[in-house]
Amino acid sequence: MDIAQQMQILKRGTVEVFREEELAQRLADAAKTGRPLRAKLGMDPTAPDIHLGHTVVLRKLRQFQDLGHKAVLIIGDYTARIGDPTGQNTTRPMLSPEKIQENAKTYFEQAGRILDMSPDKVEVRFNSEWLADLRLADIIKLTASMTVARMLERDTFEIRYKKGDPIGIHEFLYPLMQGYDSVAIQSDVELGGTDQTFNNLVGRDLQRLAGQPAQIVITMPILIGLDGKEKMSKSKGNYIGVTDKPSDMFGKTMSIPDHLMENYFTLLTDLPAERIRELTDPSKTHPKEAKILLGKLIVQQFYGRQAAQQAAEEFEKVFAQSQLPDEMPEVAVSAAPIAAAKLLLQCGLAATGGEAKRAVLQGGVRINNEKITDPNQEITPHSGMVVQVGKRKFARLKV
RNA sequence: GGGUCGGUGCCCGAGCGGCUAAAGGGGAUGGACUGUAAAUCCAUUGGCUAGCGCCUACGGUGGUUCGAAUCCACCCCGGCCCA
C-alpha cells in the first residue's frame with residue numbers, strides 16, 4: 001500500500017496530526033528500512049472497564065498494527081500510585097500494586113477485543129520501570145524544560161485556575177512524566193484523545209531535548225456519551241461498555257440523540273464518508289433505519305454478525321411491538337404472597353422501598369403484562385411470572 | 001504566618017434561630033406523545049413503615065438554646081489578598 005493510501009486511513013476521524021508531513025516521512029522510512037513504527041498509547045490503570053469512548057483511540061491504534069506497526073501500551077502504574085487528582089474535584093485514592101495489576105489485566109482482556117494482541121504486535125510497559133528510579137536532580141531537570149505559563153495554557157489548568165479551583169503542584173508533573181514515557185520507549189507516534197493533546201505534545205519537546213526525533217502526535221475526538229452532551233464516561237453512566245451484552249449495546253445505541261449518529265458512524269465504524277453522509281441525511285435515510293444499522297455495526301464488532309442481527313430483532317420485538325424479551329434475569333423468590341412493592345425490591349428492580357412504591361403509583365409496573373396500581377396489592381408469586389418496571393427492566397420469577 | 005470569603009441533598013445553589021427533609025435549577029426515574037431520537041407536558045426524587053409516625057442529613061467535634069443548616073468555640077478542607 002502506498003504512503004498516500006496509508007495516510008488516508010490513518011487520518012480518518014482524527015482531529016489533528018502533529019505533523020502530517022512528519023508522519024508521511026516516517027511511514028516512508030519504515031517502509032524503506034522495514035522497521036515498524038512504535039505507536040504509543042498510555043493507559044490509566046485506575047479505570048479498568050473500557051467503553052466505546054476508549055475504543056476510538058484503540059481502533060486507530062489497531063490501524064497502525066494492521067499497517068505493520070507495533071502498539072506500545074504504557075500502563076501508568078507509577079502515576080497511579082501517586083494518585084492523580086486531575087478529575088476536577090475528586091481526589092483519587094492511591095492504588096495498590098495489586099489493584100493496578102488487576103486493572104491492567106482487565107484492560108488488556110478488554111482492549112484485546114479491538115487490538116491485535118499477538119506478541120509481535122504489542123509491547124506492554126509499566127512506567128514505574130523508568131519513573132521510579134528518577135532522582136530529584138533528574139526531576140528538576142525535567143521541570144526546568146517547562147514554564148508555569150506554558151503549563152497554565154493547558155485548558156484544564158486554565159479553567160480550574162480561573163474558576164478558583166485547586167491545582168496541586170504535582171499535577172504539573174503529570175504531563176512531564178507522560179512526556180518522559182515517550183523518551184523512555186522511543187515512540188514514533190503517540191495517540192490520544194484531544195484532552196491529551198498538551199501532554200502528548202510535551203512528549204515531543206522532551207524527546208527533542210533528549211536528542212530523539214520528536215514523536216508524531218495524533219489526537220482523536222472525545223466520544224460524546226449517550227446523553228448527547230457530555231463525554232462518554234463510566235461515572236456519568238452514559239456509556240456503552242465493550243463487555244455489555246449485545247442487546248444492551250444495541251439498545252443503548254438506539255437511545256442516542258440523532259445528531260450523534262454521524263459522530264458515531266465516523267468514530268466507531270469503518271464506513272466511508274460518503275456513505276455516512278447518505279445515512280445521516282434524513283431525506284435519504286430514515287433516522288431510525290440509520291440508527292439500526294449503526295447499532296448492528298457496533299454489536300457486530302464485538303459479537304459477530306449473527307448476534308448483531310439477533311439484537312436488532314429482539315429490540316424490534318420488545319420496544320416496537322412491546323413484547324417480552326426472550327431473555328431476562330431470573331430471580332428466585334418464595335411462594336408466599338407478598339406486597340407488590342416488596343416484590344420489586346426482592347427482584348432487584350428497585351433499590352429502595354420508596355422507589356418501588358413510586359414506580360407502582362406512577363403506573364410503571366406490570367406483572368404478567370398487567371398494570372399494578374396499588375403498591376400494597378398482594379401478589380402470589382409463581383414460576384415464570386414476569387415482573388416489569390418501566391420499559392426496560394424485567395425479571396422472571398422462580399419460586 | 002496574617003487577613004478575608006467559603007464548605008448545604010447525585011451536582012449547582014438558596015436559606016442564616018422554630019413555618020426546613022431543607023426554595024430554585026440541572027440530572028435521574030416513571031408516565032403521555034414518539035422512532036428506547038429530539039422537542040413538549042405531567043409526576044416523583046433521603047431511609048424505614050400498611051399507616052400514625054420514627055430515624056438519618058446541611059465539613060468535624062463540643063457548646064448556647066425549650067428549639068440550630070442557621071449563634072459560639074476549637075479543629076479539618078478550599079479560594080482570594082498580603083508576607
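In what follows, every chain begins at residue 1, and chains take the letters A, B, ... in the order their sequences are listed.
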task: Considering only atom P, compute the distance from B:A23 to B:A14 and round it to an integer number of Å.
output: 14 Å
- prompt: Could you state the interatomic distance from CG (A:Asp281) to CD1 (A:Ile276), rounded to the nearest 0.5 Å?
  reply: 13.5 Å
Atom pairs under 3.5 Å, N or O on each side, protein against nucleotides 78-83 of chain B: can you list them with distances?
none

- prompt: So which of residues 359-376 of chain A are in contact with RNA chain B, with a heavy-atom cut-off of under 4.0 Å?
  reply: A:Gln362, A:Gly363, A:Gly364, A:Asn376
field: B:C55 versus B:A43 - spacing of their P atoms, nearest Å
entry: 31 Å
message: Does the structure show a Watson-Crick or G-U wobble partner for B:G1, both distances under 3.5 Å? Name it, or say none.
response: B:C82
message: Using only atom types and a distance under 3.5 Å, with no angle test, would you say the side chain of A:Arg38 pairs donor to acceptor with the backbone of A:Ile185?
response: yes
- prompt: Which whole number of Å gives the distance between the P atom of B:U65 and that of B:U70?
  reply: 16 Å
query: Within the distance-only criterion (no hydrogens, no angle test), does the side chain of A:Glu289 pair as donor or acceptor with the backbone N or O of A:His286 below 3.5 angstrom?
result: no
Side-chain donor/acceptor of A:Gln65 to backbone N/O of A:Leu115, under 3.5 Å: no
task: Indicate yes or no for a side-chain donor-acceptor contact from A:Lys60 to the backbone of A:Leu10 under 3.5 Å, with no hydrogens or angles considered.
output: yes
statement: Taken to the nearest whole Å, CG/A:Asn238 to C1'/B:C11 is 15 Å
- prompt: Say you pick atom P in B:G15 and the same atom in B:U20; how far apart are they, in whole Å?
  reply: 16 Å
Pairwise P distance for B:C41 and B:G7, with rounding to whole Å: 33 Å
query: Do you know which two heavy atoms are closest between A:Asp244 and A:Lys252, and how far apart they sit?
result: OD2-NZ, 2.8 Å
query: Partner of B:C10 by Watson-Crick or G-U wobble geometry, both contacts under 3.5 Å, or none?
result: B:G26
query: Between B:G9 and B:C58, how far is it from one P atom to the other, in whole Å?
result: 9 Å
- prompt: Looking only at side-chain N and O atoms, does A:Lys357 come under 4.0 Å of OP1 or OP2 in B:U49?
  reply: no
query: Which pair of non-hydrogen atoms, one from A:Gln215 and one from A:Gln207, has the smallest distance, and what is that distance?
result: N-OE1, 2.7 Å
task: Select base, sugar-phosphate, or nothing to describe what A:Gly237 touches, counting heavy atoms under 4.0 Å on all strands.
output: nothing
- prompt: With no hydrogens and no angle check, is any side-chain donor or acceptor of A:Arg392 less than 3.5 Å from a backbone partner on A:Phe319?
  reply: no
Tabulate atom names and distances for all N/O pairs under 3.5 angstrom spanning the protein and nucleotides 34-39 of chain B.
unit_1	atom_1	unit_2	atom_2	d
B:U34	O4	A:Lys391	NZ	3.1
B:G35	O6	A:Asp258	OD2	3.4
B:G35	N1	A:Asp258	OD1	3.4
B:G35	N1	A:Asp258	OD2	2.7
B:G35	N2	A:Asp258	OD1	2.6
B:G35	N2	A:Lys291	NZ	3.0
B:U36	O2	A:Arg392	NE	3.3
B:U36	O2	A:Arg392	NH1	3.4
B:U36	O2	A:Arg392	NH2	3.4
B:A37	O4'	A:Lys291	NZ	3.3
B:A37	O2'	A:Ile256	O	3.4
B:A37	O2'	A:Asp258	N	3.0
B:A37	N3	A:Asp258	OD2	3.4

message: Taking B:A39 as the reference, what is the distance to B:U34 when you measure between their C1' atoms (whole Å, please)?
response: 11 Å
message: Quick check: do A:Val365 and A:Leu349 have side-chain heavy atoms less than 4.5 Å from each other?
response: no
Check: A:Gly13 main-chain N/O paired with A:Thr266 side-chain donor or acceptor under 3.5 Å: no
query: What distance do A:Ile50 atom CD1 and A:Glu109 atom CD have between them, rounded to the nearest 0.5 Å?
result: 9.0 Å
- prompt: Using the C1' atom in both, what is the distance from B:U61 to B:A22, to the nearest Å?
  reply: 23 Å
statement: In Watson-Crick or G-U wobble terms, with both distances under 3.5 Å, the base opposite B:C71 is B:G63
- prompt: Does the distance from a Lys or Arg side-chain N to an Asp or Glu carboxylate O, for A:Asp227 and A:Lys236, drop under 4.0 Å?
  reply: no
